[in-house]
Student: 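Starting off with a structure, shown below.
Along the sequence shown, residues are numbered consecutively beginning with 1. We use all heavy atoms of the structure for the numbers below, so side chains are in, but hydrogens, waters and symmetry mates are not.
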Amino acid sequence: MQDQYLIFGLALATFAIAIAVLLVMRARIAAKKKTPERSAFLDTHGGPPRKNRPGTEH
């Protein structure tokens, strides 16, 4: 019975640590970008494909 509480506690601690690491890394990236906005990829994704660069036509 005691082992079940230990496993449940370790699982919750693992999730808490993972969430804390994700939040810290997101804050570090926002500080480096000097803006908390999400990546521009999300805004521009899904448009028409761009043309090939010169010399890359096959």
Side-chain angles (χ1 to χ4, degrees):
M1 191 64 149
Q2 192 73 0
D3 290 339
Q4 291 176 347
Y5 292 118
L6 178 64
I7 291 172
F8 186 70
L10 288 173
L12 285 178
T14 301
F15 282 124
I17 291 169
I19 290 170
V21 168
L22 290 173
L23 291 174
V24 167
M25 297 311 277
R26 183 167 168 99
R28 289 178 63 188
I29 291 170
K32 283 189 183 231
K33 286 174 45 179
K34 297 184 176 32
T35 176
E37 294 177 3
R38 298 285 307 260
S39 174
F41 174 79
L42 296 176
D43 296 332
T44 60
H45 186 68
R50 61 178 186 222
K51 295 194 180 258
N52 287 339
R53 300 180 103 180
T56 60
E57 295 87 5
H58 295 282

Student: Spell out, yes or no, whether Ile29 and Val21 are grouped together once hydrophobic residues are joined by side-chain heavy atoms under 4.5 Å, including indirect joins.
Tutor: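 No.
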
Student: Who are the side chain to side chain contact (heavy atoms under 4.5 Å, CB included) partners of Arg53, not counting sequence neighbours?
Tutor: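 Only Thr56 meet the side chain to side chain contact (heavy atoms under 4.5 Å, CB included) criterion with Arg53.
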
Student: Rounded to the nearest 0.5 Å, what's the gap from OG1 on Thr14 to CD1 on Ile19? Could you check?
Tutor: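 Taking OG1 in Thr14 and CD1 in Ile19, the distance rounds to 11.0 Å.
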
